[in-house]
Amino acid sequence: MREYPSGISTLIRDYCDARMRFLRPLTDGKTGFPVNGRGWTIRVTGKDTKEHWKDQPGVLGNALRLATDGSGVCMR
(Lines give C-alpha, C1' and ligand atoms only; values in the text may rest on other atoms or scores of the structure.)
Protein backbone atom coordinates (compact mmCIF):
# COMPACT_ATOMS: atom_id res chain seq x y z
CA MET A 1 0.00 0.00 0.00
CA ARG A 2 2.70 2.46 0.93
CA GLU A 3 4.26 2.14 -2.51
CA TYR A 4 1.06 2.91 -4.41
CA PRO A 5 1.60 5.90 -6.73
CA SER A 6 0.62 9.11 -4.93
CA GLY A 7 0.13 7.35 -1.59
CA ILE A 8 -2.57 5.75 0.49
CA SER A 9 -5.24 8.42 0.01
CA THR A 10 -5.04 7.93 -3.77
CA LEU A 11 -5.23 4.15 -3.31
CA ILE A 12 -8.38 4.54 -1.18
CA ARG A 13 -10.02 6.87 -3.70
CA ASP A 14 -9.04 4.64 -6.62
CA TYR A 15 -10.42 1.57 -4.82
CA CYS A 16 -13.76 3.27 -4.12
CA ASP A 17 -13.94 4.49 -7.75
CA ALA A 18 -13.25 0.93 -8.95
CA ARG A 19 -15.95 -0.41 -6.64
CA MET A 20 -18.51 2.00 -8.08
CA ARG A 21 -17.41 1.11 -11.64
CA PHE A 22 -18.04 -2.54 -10.74
CA LEU A 23 -21.47 -1.87 -9.23
CA ARG A 24 -22.96 0.47 -11.87
CA PRO A 25 -23.17 -2.14 -14.69
CA LEU A 26 -25.05 -4.64 -12.50
CA THR A 27 -28.39 -4.21 -14.22
CA ASP A 28 -30.58 -6.99 -12.82
CA GLY A 29 -33.96 -5.44 -12.08
CA LYS A 30 -34.29 -7.27 -8.76
CA THR A 31 -30.78 -7.16 -7.31
CA GLY A 32 -28.73 -4.78 -9.46
CA PHE A 33 -27.90 -1.10 -9.54
CA PRO A 34 -31.40 0.04 -10.58
CA VAL A 35 -32.73 -1.30 -7.27
CA ASN A 36 -29.73 -1.00 -4.93
CA GLY A 37 -27.56 1.63 -6.57
CA ARG A 38 -28.59 4.51 -4.37
CA GLY A 39 -27.84 2.54 -1.20
CA TRP A 40 -24.56 1.25 -2.60
CA THR A 41 -23.57 4.78 -3.57
CA ILE A 42 -24.38 6.09 -0.09
CA ARG A 43 -22.41 3.25 1.49
CA VAL A 44 -19.31 3.77 -0.65
CA THR A 45 -19.26 7.56 -1.13
CA GLY A 46 -21.41 8.81 1.74
CA LYS A 47 -23.45 10.91 -0.71
CA ASP A 48 -27.16 10.42 -1.38
CA THR A 49 -27.86 11.15 -5.05
CA LYS A 50 -31.40 12.24 -4.14
CA GLU A 51 -30.15 14.33 -1.19
CA HIS A 52 -32.76 12.74 1.09
CA TRP A 53 -30.10 11.71 3.61
CA LYS A 54 -27.42 14.06 4.87
CA ASP A 55 -23.85 13.40 3.76
CA GLN A 56 -21.91 10.89 5.82
CA PRO A 57 -18.35 9.56 5.59
CA GLY A 58 -19.18 6.29 3.83
CA VAL A 59 -16.42 3.77 3.12
CA LEU A 60 -14.38 6.46 1.39
CA GLY A 61 -14.46 8.97 4.22
CA ASN A 62 -13.96 6.40 6.97
CA ALA A 63 -11.02 4.78 5.17
CA LEU A 64 -9.38 8.17 4.62
CA ARG A 65 -9.90 9.02 8.31
CA LEU A 66 -8.39 5.72 9.42
CA ALA A 67 -5.41 6.26 7.12
CA THR A 68 -4.44 9.53 8.79
CA ASP A 69 -1.84 9.94 11.49
CA GLY A 70 -4.21 11.87 13.76
CA SER A 71 -3.30 15.28 12.35
CA GLY A 72 -5.43 14.80 9.25
CA VAL A 73 -2.43 13.97 7.08
CA CYS A 74 -2.54 10.57 5.36
CA MET A 75 0.27 8.26 6.37
CA ARG A 76 2.67 7.18 3.66
Side-chain angles (χ1 to χ4, degrees):
M1 284 186 345
R2 297 187 195 290
E3 294 180 15
Y4 192 81
S6 302
I8 292 172
S9 64
T10 302
L11 170 64
I12 292 167
R13 285 182 176 87
D14 288 350
Y15 177 83
C16 288
D17 289 345
R19 182 68 179 163
M20 291 306 300
R21 280 193 308 275
F22 169 80
L23 293 171
R24 283 187 191 105
L26 301 176
T27 57
D28 184 283
K30 292 184 180 181
T31 60
F33 202 83
V35 176
N36 297 303
R38 183 171 164 230
W40 293 341
T41 301
I42 294 169
R43 183 175 301 130
V44 174
T45 68
K47 310 287 184 204
D48 180 4
T49 55
K50 293 186 178 182
E51 299 180 350
H52 178 79
W53 301 98
K54 69 177 185 169
D55 287 352
Q56 53 189 316
V59 171
L60 175 61
N62 282 316
L64 289 171
R65 180 183 51 81
L66 291 170
T68 65
D69 62 6
S71 70
V73 176
C74 276
M75 299 179 290
R76 292 213 46 97

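Side-chain atoms are counted along with the backbone in the values below, which use heavy atoms only and exclude waters and symmetry mates. No experiment lies behind these values; they were computed from the predicted model shown. All residue numbers in this chain count up from 1 along the given sequence.
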Would you say L60 and L23 are hydrophobically clustered, going by side-chain heavy atoms of ILVMFWY under 4.5 Å? no

For atom CZ of R38, decide whether the heavy atoms of other residues, nucleotides or ligands shown that lie under 6.0 angstrom number more than 12. yes

Between atom CD1 of I12 and atom CG of L66, what is the distance when rounded to the nearest 0.5 Å? 8.0 Å

Set of residues satisfying salt bridge (Lys or Arg N to Asp or Glu O under 4.0 Å) with respect to D55, sequence neighbours excluded: K47

Please round to the nearest 0.5 Å and tell me the distance separating atom CZ of R19 and atom CG of D14. 15.5 Å

Taking atom OH of Y15 as the centre, report whether more than 12 heavy atoms of other residues, nucleotides or ligands fall under 6.0 Å from it. no

Compare every heavy atom of N62 with every heavy atom of P57, then report the nearest pair and how far apart it is. CB-OD1, 3.7 Å

With a 4.5 Å cut-off on side-chain heavy atoms, are L64 and R13 touching? yes

Quick check: closest heavy atoms across W40 and M20, and the distance to 0.1 Å? O-SD, 4.3 Å

Identify the two heavy atoms, one from I8 and one from A67, that lie closest to each other, and give their separation to 0.1 Å. CG2-CB, 3.7 Å

Rounding to 0.5 Å, atoms CD1 (I42) and CG (N36) come to a distance of 11.5 Å

Are side-chain heavy atoms of C16 and V59 found at a separation under 4.5 Å? yes

